[in-house]
Each structure stands twice: as structure tokens, then as C-alpha cells.
There are 2 protein chains.
Amino acid sequence: MRRILLIEQKIESGFDFGKKLNDLGYEICIVNDAFQALVHLESQLFDLVLVDLAIPKMDSFWLLVARKCHTPVITLANTNDVLEKLNAFEMGADDYLSKPFNIRELQLRMNVIKRRGKLTENAIRQTIIEFDDTEYSLTCSGHKITLTNTEYRLFKYLYERQGEVVTKEELQQRVLHKKLGKFDRNLDMHISNTRKKLADRNLSRDLINTVRGQGYSFNF
Amino acid sequence: MRRILLIEQKIESGFDFGKKLNDLGYEICIVNDAFQALVHLESQLFDLVLVDLAIPKMDSFWLLVARKCHTPVITLANTNDVLEKLNAFEMGADDYLSKPFNIRELQLRMNVIKRRGKLTENAIRQTIIEFDDTEYSLTCSGHKITLTNTEYRLFKYLYERQGEVVTKEELQQRVLHKKLGKFDRNLDMHISNTRKKLADRNLSRDLINTVRGQGYSFNF
DNA sequence: CCACAAATGATAACGATTTGCATTTAGATT
DNA sequence: AATCTAAATGCAAATCGTTATCATTTGTGG
């Protein structure tokens with residue numbers, strides 16, 4: 001899941017939101033009306049369409065288009081209105097979020113959609129990991145693990161792309177902020193140390209899976 | 001004038017154009033939306049930004065960013081529309097070209113900007129710092145200093161915002177990737193160590209200026 | 001199935017970063 | 001100007017991150 005088309009009425013409010021997503025490694029494209037959305041959807045491939053329900057008219061128009069391009073859609077609403085929620089689903093949205101929401105929540109739902117798309121509607125994940133950004137700790141099925149800053153950011157980065165294989169280059173660039181050297185072993189060390197901590201708390205060290213020659217991936 | 005950031009809507013059409021420039025000795029980086037542009041502008045130094053005006057909306061957004069990074073901007077347009085031209089200048093572009101244009105013409109204009117830039121640059125500062133991302137070293141008026149990864153990224157971050165006061169919060173977030181604690185001393189330490197290294201090489205430790213209660217700023 | 005190369009795992013040593021405490025400085029208050 | 005206080009700094013110790021090295025695993029071609 002990489003490229004996201006964000007349809008926001010107020011382009012400015014989309015900016016910092018989009019920036020956040022961008023920081024997390026997504027490529028964002030923001031448009032503010034259905035026609036532009038149409039143009040973009042037809043000329044480029046997107047992995048997800050996020051629509052602010054405040055977009056006037058055209059409600060289901062872009063949806064049709066998205067459907068044609070086999071792109072999943074998540075709608076965003078400003079209210080917690082149940083009717084609006086039902087409406088979104090009726091229109092054929094794949095999921096729904098009401099603002100303000102946590103980026104993490106969005107990511108989780110994106111992952112669910114992604115999996116649904118790939119594995120044709122399988123079990124919903126029940127193991128959920130809670131992250132604590134302030135003390136670099138995570139809690140998984142009752143076990144709490146405290147990592148170091150770097151271990152934490154690596155783990156979280158992988159978690160946020162669960163299922164995907166993340167290359168060492170990417171991790172090195174985006175988490176460690178340095179280039180990957182020829183015989184660079186330091187990612188391996190962080191992974192190794194993290195796995196040890198997982199094992200110490202009776203969690204599977206295979207939460208982080210190594211894909212030989214390619215990188216690492218997170219898997220429950 | 002070396003590194004150019006090219007913002008093109010259709011990435012393909014940017015390719016051969018970019019290739020031409022590349023053949024002429026420029027280092028080109030092509031992106032196709034404002035956010036990517038933002039990311040690149042914030043993480044690397046460019047000497048010039050070329051923007052295809054066909055980039056939808058966002059018109060002035062990337063411009064703001066480029067301004068922040070002290071990078072000149074030339075806009076490219078598909079029409080010969082005078083309004084568009086005026087609009088470009090209003091937005092603050094340094095120059096304007098309508099497609100199709102001669103690469104020579106572009107070069108001429110780039111030189112003009114360069115000269116313009118150098119003049120003001122010389123008036124303001126004559127010292128220029130060269131950065132080496134691979135070994136975290138910088139060269140300033142003949143003196144070469146090697147920093148650690150973190151010191152280097154902090155220094156560069158401040159340098160890229162020269163004149164501005166950058167808050168500790170921001171540095172902590174964007175460079176150290178952690179929250180600023182109440183009695184957090186680690187930025188101070190990095191600054192202190194960097195200053196020491198500057199002094200060791202007969203460079204002014206006041207290149208990094210502390211603004212009591214606010215943060216740090218870079219100043220020649 | 002074996003030999004070989006390449007990738008990964010793991011330990012330890014080393015260097016960098018962070019933390020805690022003591023001290024100094026800048027600015028506000030009187 | 002003397003005092004007070006919050007912020008900044010210096011230094012040392014503890015923690016964390018990186019590198020060097022060797023062992024182990026995995027995949028490839030004979």
C-alpha cells in the first residue's frame with residue numbers, strides 16, 4: 001500500500017494530514033473535487049482512495065470511478081453520525097472513519113482492506129499491539145516490552161507495514177537515517193535484540209520475519 | 001548550480017527532459033507531487049526548483065517550502081498565457097518559461113538567477129559550507145570537520161534554516177525522533193560537542209547560536 | 001548430496017548518545 | 001546594582017548503537 005489519493009474539500013487541512021502520511025512512507029496526492037479525482041484515478045494507479053464526506057455532491061460518482069479502477073475507498077466524516085456511516089457503506093465504501101482519528105487507526109483499517117483484498121475476507125486480527133511512543137514500550141496480549149528508541153521505531157515501522165516485506169535500504173534510510181553500507185549489520189543487530197526481548201516475554205520472535213535477500217516483514 | 005528538483009505531473013515526460021539536463025551535467029531529481037517535493041526539499045539541498053504549472057492546486061504550497069529552503073524556483077507552463085505568467089511571479093517564482101522551450105534558454109535563465117543569487121549571497125554571507133552526507137563531514141572556509149551522524153544531521157538541519165530559530169521540540173522530533181522531556185539535555189550535549197569540534201578547527205562556535213528559552217539558530 | 005557463496009545470527013568491543021548532577025549564565029525583580 | 005530564578009552548560013557515568021568477527025543457516029550449481 002503506497003500511493004494514496006486524498007480527496008479533501010479544504011486543501012489546506014489536507015496538507016498536514018497528508019504530510020503525516022507522507023512521513024510514514026506513503027505517497028500522497030491531494031485533490032479537492034470529484035473531477036480532479038476522476039482525472040487522477042484514470043491516469044495513475046492508486047492503492048487507496050480517502051474521501052472526505054464533506055465533498056459536496058458527486059457522493060457516489062468518484063466511488064464508481066474508484067470501483068472501476070479496483071481501488072479501495074475509505075470515507076472520512078466530520079461527524080459521528082450513524083446515518084452518514086450507513087450511507088457510506090451503502091455507497092460502497094470499504095470502510096469508514098470519523099474525524100478526528102488516529103493515523104494508526106487509519107493504518108490498521110488500510111491493512112485490513114489490503115488483506116481482505118488479497119486473502120478474500122479472512123479472519124479479523126485479534127492480536128493487537130499497543131504502542132507507547134513516550135517510553136518506547138509495546139503491549140501485546142498482556143505482555144509489555146520496553147525497547148530502545150531505535151528498536152521501537154524499527155518495530156513500529158515494520159508493524160505499520162504488516163504483511164509487506166520492507167527492504168533494509170528503506171529501514172536504514174527512513175529509520176536509521178543513514179545509507180546502507182555493503183557489510184552493514186546494524187539493522188540485523190537491532191532486529192536480533194528486539195527478537196530476544198520478544199522471546200524473553202514469551203512472545204514469538206517470528207513476529208519479525210526475515211526474508212532472505214530482501215528485508216524483514218512483520219507478521220502475526 | 002548542480003542539483004535540480006523537477007516537479008512534473010507526468011513523471012514520464014519529466015524523464016527525457018530530466019535526461020537532457022542530466023547530460024548537461026546537472027543532477028536531477030524528479031517528483032510528481034507537492035508532498036514528495038516537500039520531503040525532498042526538506043531532506044536535501046537543491047540549487048533550483050523547476051515546477052510544471054500543470055501540477056494541480058498546491059500552486060503556492062511548494063513555493064512556500066522552496067522559499068523556506070532558500071531555493072530559487074522557475075515555473076514551467078504549457079501555454080503562453082500572460083495571465084499564467086503574471087500569476088507565477090505573483091506566487092513568488094524567480095522566473096518563468098513556457099513549454100516547449102529550448103534547454104539553452106533554461107540554462108540562460110538559470111545563470112541569471114544564479115548570478116542574482118550569488119550577488120545577494122555575497123552581500124549576506126561569503127562563507128559557504130559543503131556537506132558530505134556519506135561521512136558526516138563538512139568543509140567551511142578550508143576547514144574540514146567530521147561529526148557524528150546525529151551531530152551532522154542536527155547541524156545540517158539548523159544550516160538549512162539559517163537565520164530562523166529552530167525550537168528544541170522541533171529538533172528533538174525531526175532529528176532525534178523522540179519527544180522533548182522536561183529535563184532533556186541531549187540536544188544541548190550534541191550542540192556543545194559540535195561547537196567544541198568547530199572551535200578545534202578555528203571556526204566560530206557561534207555558528208550555532210543559542211536563543212535562550214526558544215532554541216538554536218544557525219548564523220554566519 | 002556436497003561444496004561453496006551469500007545472507008543472517010550472535011557475542012563482544014568500541015564509539016556515540018543520553019542521563020543525572022553540579023555549575024554557570026542571562027534575564028527578571030527588587 | 002544585588003538578588004533570584006529558570007535556562008543553559010560541563011562533565012562523568014550509564015545506556016544504547018555500531019562495527020568487527022566468527023558461527024550458522026540458506027540457497028545454488030555441480
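Because the structure is predicted, anything quoted here is derived from the model rather than measured. Per chain, numbering begins at 1; letters A, B, ... match sequence-line order.
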Exercise for review: Answer with base, sugar-phosphate or nothing: what part of the nucleic acid does Asp184(A) contact at a heavy-atom distance below 4.0 Å?
Suggested key: sugar-phosphate
Practice item. Return the value, rounded to whole Å, for the distance between atom OH of Tyr136(B) and atom C1' of dA16(C). Key: 12 Å
Review point. How many angstroms lie between OG in Ser137(A) and NE2 in His143(A), if you round to the nearest 0.5 Å?
Key: 14.5 Å
Study note, to complete from the structure: Within residues 205-214 of chain A, those residues having any heavy atom closer than 4.0 Å to DNA chain C are Arg205(A), Thr210(A), Val211(A), Arg212(A), Gly213(A)
Check your understanding: Lys196(B) near the nucleic acid: base, sugar-phosphate alone, or nothing, with a heavy-atom cut-off under 4.0 Å?
Key -> nothing
Check your understanding: Picking from dA8(D), dG10(D), dG17(D), which would you name as closest to the side chain of Ser192(B)?
Key -> dG10(D)
Practice item. Remember a base hit wins even if backbone is also touched, and classify Tyr152(B) as base, sugar-phosphate or nothing at under 4.0 Å, heavy atoms. Key: nothing
Check your understanding: Between Leu187(A) and Gly215(B), who's closer to the 5' end of DNA chain D by nearest nucleotide?
Key -> Gly215(B)
Study note, to complete from the structure: Closest to the side chain of Met189(A), out of dA20(D), dT18(C), dT9(D), is dA20(D)
Check your understanding: Rounded to the nearest 0.5 Å, what separation is found between the CG atom of Leu138(B) and the OG1 atom of Thr146(B)?
Key -> 8.0 Å
Exercise for review: Calculate, to the nearest 0.5 Å, the distance between atoms NZ and CD belonging to Lys179(A) and Glu135(B) respectively.
Suggested key: 11.5 Å
Practice item. Establish whether the base of dT18(D) is bridged to the side chain of Arg185(A) by a donor-acceptor pair shorter than 3.5 Å. Key: no
**Study point:** Interatomic distance where NZ belongs to Lys197(A) and P belongs to dG17(D) [whole Å]
**Key:** 8 Å
Check your understanding: Can you check the Ile191(A) CD1 to dA10(C) P distance for me, whole Å?
Key -> 12 Å
**Study point:** From Arg153(A) atom CZ to Leu171(A) atom CG, the distance as rounded to the nearest 0.5 Å
**Key:** 11.0 Å
Point to revise | Aromatic ring pairing Phe131(A)/Phe155(A), orientation class (parallel under 30°, perpendicular over 60°, tilted between) | key: tilted
Practice item. Ignoring backbone atoms, test whether Lys178(A) places a side-chain nitrogen or oxygen under 4.0 Å from the OP1 or OP2 oxygen of dT19(D). Key: yes
Exercise for review: Specify the separation, in whole Å, of atom CZ of Phe183(B) and atom P of dT9(D).
Suggested key: 17 Å
Review point. Hey, are the side chains of Leu198(B) and Ile145(B) touching, using non-hydrogen atoms and a 4.5 Å cut-off?
Key: yes
Practice item. Return the value, rounded to whole Å, for the distance between atom CG of Leu147(A) and atom P of dT15(D). Key: 17 Å
Revision key, fill the gap. Separation of dG17(D) atom P from Phe155(A) atom CZ, nearest Å, is 16 Å
Review point. Counting only side-chain N and O atoms of Lys168(B), is one of them less than 4.0 Å from OP1 or OP2 of dA7(D)?
Key: no
**Study point:** Between the first and last five pairs of the helix from dC1(C)-dG30(D) to dT30(C)-dA1(D), the angle of the axes, rounded to 10 degrees
**Key:** 40°
Revision key, fill the gap. Rounded to whole Å, NE2 of His177(A) lies from C1' of dG17(D) at a distance of 14 Å
Practice item. Check whether any side-chain heavy atom of Thr210(B) lies under 4.5 Å from a side-chain heavy atom of Arg195(B), and answer yes or no. Key: yes
Point to revise | Salt bridge Asp188(B)-Lys168(B), side-chain N to carboxylate O under 4.0 Å | key: yes
Check your understanding: Taking CG from Leu180(B) and P from dT17(C), how many angstroms apart are they, rounded to a whole number?
Key -> 18 Å
**Study point:** Distance-only side-chain donor-acceptor flag, Tyr152(B) / Asp132(B), under 3.5 Å
**Key:** no
Point to revise | Short side-chain N/O contact to dT19(D) OP1/OP2 from Asn186(A), under 4.0 Å | key: yes
Practice item. Report yes if the side chains of Lys197(B) and Thr148(B) come closer than 4.5 Å at any heavy-atom pair, otherwise no. Key: yes
**Study point:** Side-chain N or O of His190(A) closer than 4.0 Å to phosphate OP1/OP2 of dC16(D)
**Key:** no
Point to revise | Separation between OH of Tyr136(A) and CG of Asn149(A), rounded to the nearest 0.5 Å | key: 4.0 Å
Exercise for review: Establish, with yes or no, whether the OP1 or OP2 oxygen of dT17(C) is under 4.0 angstrom from a side-chain nitrogen or oxygen of Thr150(B).
Suggested key: yes
Practice item. Respond yes when some side-chain nitrogen or oxygen of Tyr216(A) is under 4.0 Å from OP1 or OP2 of dG9(C), and no when none is. Key: yes
